[in-house]
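Before any comments, here is the structure.
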Amino acid sequence: MNRRELLRLGLSATALPLLAAGRIFPAAAQTHDHAGHTEHAGMAMSKPESGVPLLPADDFPAGKPLQPLTKLKNTGKTRGLFRATLTARARKIELVRGKPTTFLTYNGQIPGPQIVANEGDTVEIDFRNELDEPTTVHWHGLPVPPAHDGNPQDPVAPGERRLYRFTLPTGSAGTYWYHPHPHGLAAAQAYRGLAGTFIVRAKKDPLAHFPEQHWLFSDLRLAADGTIPGNTALDWMNGREGQFVLLNGQLRPRITLKGTQRVRIWNACNARYLLLTLPGHTFTVVGTDGGLLEKPAAPTETLLIVPGERYEVLITPHPEKRGGSKDATLLARPYNRQKMMQDFVPETLILAQVRLRPGKTRPAPAALRPLPNFDQPATRQEITFTEVMDHSAHGHLSAVKQSHNPADFLELLTVFRVNGKTYDMDRIDLKAEAGKVQDWTINNNSHMDHPFHIHGTQFIVIERVLGNHTERPAPALKDTLNLRPYEKVRIRFIQRDPGLRPLHCHILEHEALGMMAQLQVL
Ligand code: C2O
Ligand code: CU
Ligand code: CU
């Protein structure tokens with residue numbers, strides 16, 4: 001198929017170079033190569049991971065004590081300066097005996113090292129790209145000036161260095177992370193391992209006296225030989241989910257919680273939704289993506305964390321269990337995010353074994369901090385996520401079910417859109433004035449869940465409308481928010497710095513396929 005034919009099929013500029021480089025649908029192509037495996041056609045639906053034989057789940061070592069995340073050492077010599085070197089490079093790590101896996105790492109570590117800085121600090125990260133392809137470091141959720149935020153327009157070429165420099169303003173204390181954002185390549189670099197956590201501490205933290213734990217969830221798919229296979233067509237359509245959900249890089253670790261704990265939780269999976277529950281216990285949410293709430297939320301038994309989101313919770317072992325330890329299991333309950341062409345299999349995942357030990361029970365303070373009140377919006381905008389809208393495309397997608405020919409999946413590349421368009425890094429989709437309150441309505445006009453994310457700011461949800469149900473949630477600072485099919489959400493925020501701000505679905509495969517737009521802040 002030549003370039004013109006591809007373009008006739010509506011292939012986006014994003015997808016074309018990727019397809020040429022064999023980056024899109026490598027696994028599907030592989031299956032196609034193994035002619036004769038016709039029974040695969042049906043299996044691919046019930047086993048989305050198929051394409052290559054997978055590592056049996058039992059071969060992966062599990063059940064070790066939870067390791068804390070390693071910190072990135074601050075080599076800054078002056079107060080108020082956080083300085084460090086971060087290097088992206090491939091590294092072989094032997095997680096499975098005799099079957100080393102080549103991961104993409106930050107500083108050779110999986111997960112990447114944790115950055116802990118304070119409000120008011122200037123952060124200088126001397127970044128080196130030792131990968132064999134371009135990458136960037138994006139500071140997810142942080143109010144970083146656009147030129148330092150790892151936008152797709154600012155790739156760091158293989159072998160190159162880049163100094164990322166930004167100052168953390170007062171009020172930015174919260175739970176963030178960093179990951180690659182190169183044009184079209186973020187999904188694959190992320191599922192190969194590139195992600196790290198970033199905590200900004202407040203000068204005055206009302207929860208400073210609580211013992212703290214960090215839970216970073218990531219997703220991993222390993223082939224039988226220990227390698228990380230490429231995406232299948234279904235992965236591109238629905239977002240990739242591996243056979244392993246890791247916690248701080250470990251499979252089903254053993255966690256010990258002593259007394260009341262403050263736990264920061266990250267979902268760094270490309271696409272997996274986590275409906276967390278710790279049966280017999282509750283989570284008290286005290287913070288969201290951009291830091292603490294005004295006051296603790298009512299305790300909840302389940303907590304949905306979608307790709308890109310973070311929460312801070314308090315967990316208190318029940319008082320009647322004082323005096324003795326109690327064991328519990330941290331689970332991800334089934335959540336139906338309405339994948340395309342894949343039947344919902346209600347599956348409960350065991351994420352960790354938890355031992356709750358008696359210890360100091362601390363009540364959450366009644367008030368945590370005031371949040372900004374964004375009134376009098378200056379600009380109103382409408383954002384709409386869509387998938388396939390016309391019937392011919394839908395018929396085409398149904399045909400894909402039966403096929404392993406990559407050419408049959410090409411239509412997918414224009415399926416995921418924002419405001420009717422596939423991402424174009426040279427196009428400005430929206431404009432906003434710096435420092436002025438934005439009031440945006442985000443519509444999910446599709447039948448699948450999509451997590452909306454915007455760079456460089458935190459927003460407050462004003463209302464959510466689903467069918468005839470309207471909800472006005474308590475104020476919380478968010479940069480990533482799930483939208484159910486046909487849900488409509490109104491948010492308010494301010495962009496402080498002029499420049500380009502991407503906004504996209506945080507299912508990274510959808511982002512790569514162009515479910516992304518950009519806001520020009522003037
Ligand atoms: Cu974490 Cu543009 O994303
Ligand atoms: Cu981001
Ligand atoms: Cu999406």
Side-chain angles (χ1 to χ4, degrees), residues 112 135-146 148-154 164 166 174-187 189-191 194-198 216 218 234-241 266-273 289-290 305-310 337-340 383-388 412-413 415-418 422-423 425 442-459 477-485 487 493 495 499-519:
T135 190
T136 75
V137 187
H138 167 55
W139 312 99
H140 181 124
L142 283 165
V144 169
H148 289 266
D149 204 20
N151 281 346
Q153 286 84 358
D154 302 311
Y164 290 105
F166 48 90
T175 307
Y176 305 94
W177 60 305
Y178 59 93
H179 64 76
H181 224 300
H183 186 46
L185 300 172
Q189 291 184 2
Y191 72 64
L194 288 176
T197 56
F198 194 130
L216 167 67
S218 61
L234 273 175
D235 291 334
W236 287 111
M237 205 185 307
N238 291 322
R240 174 186 178 105
E241 294 181 358
W266 288 260
N267 183 345
C269 301
N270 272 34
R272 189 182 288 277
Y273 283 45
D289 305 330
I305 310 190
V306 305
E309 260 190 322
R310 294 86 63 207
R337 61 181 178 89
Q338 310 287 339
K339 291 178 198 168
M340 299 164 88
I383 310 289
T384 304
F385 280 163
T386 52
E387 291 159 13
V388 206
L412 273 183
L413 303 177
V415 161
F416 299 100
R417 300 180 183 187
V418 179
T422 299
Y423 180 66
M425 71 194 270
I442 308 174
N443 303 284
N444 180 3
N445 194 8
S446 83
H447 71 280
M448 193 194 311
D449 285 43
H450 296 282
F452 167 87
H453 168 57
I454 182 162
H455 289 203
T457 192
Q458 294 290 323
F459 54 78
L477 292 182
K478 301 280 300 158
D479 56 59
T480 307
L481 181 76
N482 189 53
L483 277 91
R484 307 280 344 233
E487 190 174 14
F493 61 91
Q495 288 282 7
L500 270 188
R501 294 297 191 187
L503 51 120
H504 57 89
C505 171
H506 218 286
I507 288 178
L508 291 178
E509 280 70 22
H510 292 174
E511 181 265 359
L513 291 182
M515 199 174 221
M516 171 149 72
Q518 37 196 18
L519 168 71

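Both counts, for ligands and for their atoms, begin at 1 and track the order of listing. None of the values given here were measured: they were computed from a predicted structure.
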Query raised in the report: Does H181 put an N, O or S atom under 2.8 Å from the Cu ion (ligand 2)?
Result: no

Query raised in the report: When you draw lines from the Cu ion (ligand 2) to NE2 of H138 and to NE2 of H453, what angle lies between them, to the nearest 10°?
Result: 170°

Query raised in the report: Which residues pass the side-chain hydrogen bond (donor to acceptor under 3.5 Å, both in side chains) test with T457, sequence neighbours left out?
Result: none

Query - H140 and its ring-ring contact (aromatic ring centres under 6.0 Å, His included) partner, picked from H506, H181, H504 - result: H506

Requested in this report: Could you tell me whether the side chains of H138 and N151 share a donor-acceptor contact shorter than 3.5 Å?
Outcome: no

Requested in this report: With sequence neighbours excluded, tell me which residues meet side chain to side chain contact (heavy atoms under 4.5 Å, CB included) with P182.
Outcome: T135, T136, P180, L185, A186, Q189

Query raised in the report: Taking atom types as modelled, is there a side-chain donor on Q458 or D289 under 3.5 Å from an acceptor on the other?
Result: no

**Report entry** CE-CD distance between M237 and E387, expressed to the nearest 0.5 angstrom
**Finding:** 10.0 Å

Requested in this report: Could you verify whether a donor N or O on one side chain and an acceptor N or O on the other, from Q518 and Y423, lie under 3.5 Å apart?
Outcome: yes

Query raised in the report: Can you check ring-ring contact (aromatic ring centres under 6.0 Å, His included) on H148 and F166, steps first, answer last?
Result: CA-CA 7 Å; H148 289 266; F166 48 90; 7.6 Å; no

Requested in this report: If the plane angle is over 60° it's perpendicular, under 30° parallel, otherwise tilted; pick one for F385 and F452.
Outcome: tilted

**Report entry** Donor + acceptor pair across side chains of Y273, N482 (<3.5 Å)
**Finding:** yes

**Report entry** Under-2.8 Å protein N/O/S neighbours of the Cu ion (ligand 3), ordered by chain then residue number
**Finding:** H450 ND1, C505 SG, H510 ND1

Report task. Using 2.8 Å as the cut-off, note every protein N, O or S atom close to atom 1 (Cu) of ligand 1. Result -> H140 ND1, H179 NE2, H506 NE2

